[in-house]
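Heads up, the thing below is written out as structure tokens.
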Amino acid sequence: MRDKTTGNQKAGKPVPFRGGGFLPKPKKIIAPIVFIALIAFWEWGSRTGFIGPLILPAPSEAFEAFMNLLNTGLLWQHLAASLQRLLLGWFSGTLLGIIVGTLIGLFSLARSGLQPLVSAIFPIPKIALLPLFIIWFGIGEGSKVATILFGTFFPTVIATYGGIDNVDRGLIRMGQSFGLSRLSIIRKIILPGALPAILSGARISAAIAIILLVAAEMIAAEYGIGAYILIAGSLMATDQLITGVAILSCIGLIFAWVIGKAEKYFLKWRA
Amino acid sequence: MDLSLRHITHRYDEVEVLRDINLEIKQGQIVCIIGPSGCGKSTLLRMIGGLERPTSGEVLQIGEPPADCLNPLTYIFQDFALLPWRTVEGNVSLALEDHALSATMREEIIADVLARTKLADFRTAYPRQLSGGMKQRVAIARALSVRPAVLLMDEPLSALDSQTRELLMDDLVDLWEKENYTAAYVTHNLAEAVRLGHKIVVLSRRPGEIRDIVEIDMPLSARTGENSELESIQKRLWTLMRDEARAADRELLDAR
Ligand SMILES: Nc1ncnc2c1ncn2[C@@H]1O[C@H](COP(=O)(O)OP(=O)(O)OP(=O)(O)O)[C@@H](O)[C@H]1O
Ligand SMILES: [Mg+2]
């Protein structure tokens, strides 16, 4: 059946389309193309002298420096030293942060006692405290790990209790109405509800960890990507400097990728 | 098990919300609570289930709940209150996990309630994959799984479209025919109240007092289609409610 008034006349024009858009979708091939194009342009600029060798070394030179690093085996020594500090500091900072954030999120005493303290210490650049850390924890690994630990601890605390504060009170009341124990409510309702916020906090703290790693290694370290960059800088070896920075960027990308995988796995219910 | 509300009065800071509520909820009876918006119906229901303490007065439990009952006073919420990170069976299982049940027992209960609410095919679906009516059926399945002595429902159907509401209403009636559950049912919808209630409590505007209690003797199974007796009751309830709502509006005007 069709509406009698339509179909016969063919006067009028179609309604202009005004919807769509505002929905950027990632296209997989674009990113590599942008990267390759940029590096190719850079290489071309260096070869033709358009970019002076003092201003920026050619990508091929940086790559040579990287191969050199690889062949001498120094790469692994630097990487191992850095990753160890990074993982140790980030892991313990995040873990402690989640614990303290949960306490602040759940208990009035912890909230009134610790929240002002966290707000007061969070904005202090931890790099400024590095000399103190060296006095407290020694010039060796201790102070470096401590810097990263402190730097990642505070954002994690804030992300965690913020996430807990945002858990739907209705769900908690539902848990109580079914007579769930306090522990069950925390484990099965509050923590899963805060997990999205905790994971996005982890993303931020991972970036902070890398920044602080380099800062800490620049003070006193024999090995480590930061130390490598520092030495390259003081020798004006810009090719090595670029190599070091690229390695840091890769570490950051890998971290982000791992956290992205974790989000996909733990938050698959969101989709 | 019966419930008895004695002199329930409640205030939030200076605002008196409920005043001297006395009410009996007898076993096997569905008590509907209606009243203008903001008169304290939800608050009253939270007190019946022990989620909130009245300023004065008490809710008494008379007699023991059946021995196999896991959670005597069980809610069904307006917004379903399902955990989005758990599947259908996970949400039902949540209510059972804190009780000492063997894994096979738990599995049996879950399978049974999901079959009764026609959700067996959706065991592993997440809430976001379900329609509103199905979500509320999951919440009903979860409530049934703990074999409640009294069901406490706060506008369980008002987040749903009218067709789904009709269907779920039939489900609630069928279920009552089979199991004779006891319930306190808060609603805005007078048609729901006369369809389901053995006893309809009309609350006044805030502070909520009992304006009237209407008992309907007609069996639930007979309350279908056109029914002049029910219609006249519904009309009477509407007159009561309308006067309260008007008076409440006028008070708001005066307060300005
Ligand atoms: N936690 C609270 N703190 C302070 N006031 C509250 C609180 N909960 C409810 N109230 C007030 O108590 C009154 C009754 O609220 P309640 O939610 O019980 O009403 P209701 O009858 O369920 O209304 P509705 O029909 O709109 O659901 C309202 O005026 C509300 O503002
Ligand atoms: Mg309400």
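Just so we're on the same page: letters track the sequence lines, and every chain starts at 1. Here the structure is a predicted model, which means the values were calculated and not measured.
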Put together the list of donor-acceptor pairs under 3.5 Å connecting chain A with chain B, please.
unit_1    : atom_1 : unit_2    : atom_2 : d
Ser177(A) : O      : Asn71(B)  : ND2    : 2.9
Ser181(A) : N      : Asp98(B)  : OD2    : 2.7
Ser181(A) : OG     : Asp98(B)  : OD2    : 3.3
Ser184(A) : OG     : Asp98(B)  : OD1    : 2.7
Ser184(A) : OG     : Asp98(B)  : OD2    : 3.1
Lys188(A) : O      : Trp85(B)  : NE1    : 3.2
Lys188(A) : NZ     : Glu97(B)  : OE1    : 2.8
Lys268(A) : O      : Arg128(B) : NH2    : 3.2
Trp269(A) : O      : Arg128(B) : NE     : 2.7

Tell me, yes or no, whether the heavy-atom count around [X] atom [atom1], taken from other residues, nucleotides or ligands under 6.0 Å, exceeds 12.
X	atom1	answer
Ile33(A)	CD1	yes
Phe137(A)	CZ	yes
Leu109(A)	CG	no

Determine the minimum heavy-atom distance between Ala81(B) and Gly170(A), stating which atoms define it.
CB-O, 4.4 Å
Is there a side-chain contact between Met174(A) and Leu83(B) in this structure, where contact means two heavy atoms from C-beta onward sitting under 4.5 Å apart?
yes
If you tally heavy-atom pairs under 4.5 Å between each of Leu73(B), Leu51(B), Leu82(B), Leu152(B) and chain A, the highest tally belongs to Leu51(B)
Considering only heavy atoms, which portion of Leu94(B) lies under 4.5 Å from any heavy atom of chain A: side chain, backbone, both, or neither?
both
Which atoms of Leu96(B) come close to chain A, meaning under 4.5 Å heavy atom to heavy atom: side chain ones, backbone ones, both, or neither?
neither
Just to be sure I understand the criterion: a residue of residues 191-204 of chain A counts if one of its heavy atoms is under 4.5 Å from a heavy atom of chain B. Which ones qualify?
Pro192(A), Gly193(A)
